[in-house]
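Structure, as structure tokens:
Quick note: numbers below take in every heavy atom, side chains included, and nothing from hydrogens, waters or symmetry partners. A quick note: this is a predicted structure, and the numbers were derived from the prediction, not measured.
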Amino acid sequence: MANASEGGRVVCRSGRKARALDSVLIAQEIPQLRIIQELNPAVELLWHPLYTNSDGAIKEISPDLQLTDDVAYRSRDKCASVMYHYLLHPKAHQKQEPG
């Protein structure tokens with residue numbers, strides 16, 4: 001989790017669907033994931049980049065760095081990249097968060 005300069009928070013969380021994992025966090029959040037994957041190989045992991053406004057409202061970060069209600073990424077790296085870009089370019093999204 002990273003803190004934005006305007007008081008918001010960003011975190012990448014996994015969705016309910018799951019796929020290959022190599023993370024202790026995923027293993028803790030979804031302890032039976034490997035069993036589920038054996039039963040249904042089509043199950044995939046989706047990542048959601050969450051941003052918490054200073055007023056506590058939680059939004060997700062889209063590829064064009066806009067806050068939205070629902071966006072998912074199939075790659076943890078893409079999810080993290082979107083979060084970092086959002087934090088590195090505060091002027092691109094300053095007007096979205098009420099001051």
Between OG1 on residue T68 and CD1 on residue I61, distance to nearest 0.5 Å: 11.0 Å
Distance check, rounded to the nearest 0.5 Å: L33 atom CG versus E38 atom CD? 10.0 Å
4.5 Å side-chain heavy-atom contact, S81 and Y73: no
Nearest heavy-atom approach of H48 to A72 is CE1-CB, 3.5 Å
Straight-line distance of E44 CD to Q37 CD, nearest 0.5 Å: 10.5 Å
Got a second to check how far D70's CG is from L46's CG, nearest 0.5 Å? 9.5 Å
Using only atom types and a distance under 3.5 Å, with no angle test, would you say the side chain of E60 pairs donor to acceptor with the backbone of V71? yes
Quick check for you: to the nearest 0.5 Å, what is the distance between L67 atom CG and I58 atom CD1? 12.0 Å
Determine whether a donor-acceptor pair (N or O, by modelled atom type, separation under 3.5 Å) exists between the side chain of N53 and the backbone of D55. no
Do side-chain atoms of S62 reach the backbone of Q66 as a donor and acceptor pair under 3.5 angstrom? yes
S75 and D77 side chains, donor-acceptor separation under 3.5 Å: no
Any idea which heavy atoms bring K59 and D69 closest together, and the distance? NZ-OD1, 2.6 Å
